[in-house]
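What follows is a set of notes on a single structure, which appears directly below.
Below, chain A is the first sequence line, B the second, and so on; all start at residue 1.
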Number of protein chains: 2
Amino acid sequence: MKHIEVCLTPALLPLYDLKGSVVVVIDIFRATSSISYGIDNGADAIIPVASVEECLSYQGNGYLLGAERNGEVVNGFDFGNSPFSYTRELVEGKTLVLTTTNGTHAINVSKNADEIVIGSFLNLSAVCEYLVKQNKNIFLLCSGWKNKVNLEDTLFAGAVVNKLKDKFDALCDSSVLAEDLYLAAQSDLHEYMKKTSHSERLKKLGIEKDIAFCLNVDLIHSVPVIKEGKIVKSE
Amino acid sequence: MKHIEVCLTPALLPLYDLKGSVVVVIDIFRATSSISYGIDNGADAIIPVASVEECLSYQGNGYLLGAERNGEVVNGFDFGNSPFSYTRELVEGKTLVLTTTNGTHAINVSKNADEIVIGSFLNLSAVCEYLVKQNKNIFLLCSGWKNKVNLEDTLFAGAVVNKLKDKFDALCDSSVLAEDLYLAAQSDLHEYMKKTSHSERLKKLGIEKDIAFCLNVDLIHSVPVIKEGKIVKSE
């Protein structure tokens, strides 16, 4: 039986071996939610880059450029990682280039994996079905907040463990922890998330609507995956 | 109001500033449980050292030498970190020198703190009362297992958060996570711990009695603290 492991922050990644695994990158507030939404809304591709400078180097040539740092749109960019910047109207048929505080970092450090999938509550069931089909070991990588553990990414990892634990071994302590946290929170994710300091901080940024949106379960059915450095819709 | 922070593994310590804080080092299975039990049973002091070699350098001079690696007593040493090696009969009036896989490492990396306290379920309430008296920021450091997050240390951190959250701010996501895990487990810690791979591994080592013992809440009332590099009973 293949197994599931949960890594609660990218800072712990050196302790694990990703070879042969499918990595699910998780940054619920908001990068991987927005990326999933954008791909579902018909974006051709989203190119994740590490730095604002790298993002700027794509200027011209018809790309849409997004950059977020510390929860805010970087000066001079049109959008950051609010899901409402990833509607069909705005992204259909376009290629986006995106750098974010945590999410694109997590993608960049996962390069040893067999495959990288983008996960969010918006496409929870679709991601789980995709993982079952791949039949490889699963590695759930929470982006966290500046390398610290956060609740929302842990909750999502727990949701995946909960859905897949009959088909995969999920015995690592972080998997147990994540699932039990999800079980405590699942009846009202939005209410539960009020506990977190991260949510408090996001509230100060005036993005409560984004938070509520990112906690919608199974709103969409696309599974974004990385092919040749670009995030595209899985086949 | 002073605050509580939880650090789920020593690997995340570089993200935090310990200055001015009281650090509680947590290694439930079994180092900090056994240390607390030994101090309560009248050991004069326990000297935590990083390596087996350093431990050996204390040989002679009346010290008791303990060394544990990967859950087993190191060859040539009289004891490791089983609490049953720390009874009054064995340790009263003695000074012990101890090196363990995870717990003594966590002590050694906490040296920037104002003060270091040794915590376990055995002395949970005593530790909490001590922390209230100190009236400093609290930093709960889980030793984990080889830098990975483990359930038992997280549960203990959650128990402390649960007891102290009316007197301290406990807003970091790891505190919320640890407390909620504890609330899910508290009605039967022993049953809950059967979930963990770590417990499974410890079972293979034939130390189920140790595990059961380390989950006794408030068996003792001593609070071990570090003074001049030695663990002694707090005044």
**Request:** Please flag which part of Glu5(A) lies under 4.5 Å from any non-hydrogen atom of chain B: side chain, backbone, both or neither.
**Result:** side chain
**Message:** Go through it in stages, so that I can follow the logic: the residues are Asn147(B) and Leu12(A), the test is side chain to side chain contact (heavy atoms under 4.5 Å, CB included), and I'd like the CA-CA distance, side-chain angles, deciding distance and then a yes or no.
**Reply:** CA-CA 8 Å; Asn147(B) 275 327; Leu12(A) 300 179; 5.6 Å; no
**Prompt:** Taking every heavy-atom pair that is under 4.5 Å apart, which of Leu177(B), Leu155(B), Leu183(B) has the most such pairs with chain A?
**Reply:** Leu177(B)
**Message:** A quick test of your reading: do over 12 heavy atoms of other residues, nucleotides or ligands sit less than 6.0 Å from CG of Asp188(B)?
**Reply:** yes
**Prompt:** Looking only at heavy atoms, what is the nearest atom pair of Leu181(A) and Asp180(B), with distance?
**Reply:** CD1-CB, 3.9 Å
**Request:** State whether the number of non-hydrogen atoms from other residues, nucleotides or ligands found under 6.0 Å of Lys167(A) atom NZ is greater than 12.
**Result:** no
**Request:** With Val149(A) as reference, evaluate Thr9(B), Asp173(B), Leu15(B), Leu8(B) under the side-chain contact (heavy atoms from CB on, under 4.5 Å) test and give the passing residue.
**Result:** Leu8(B)
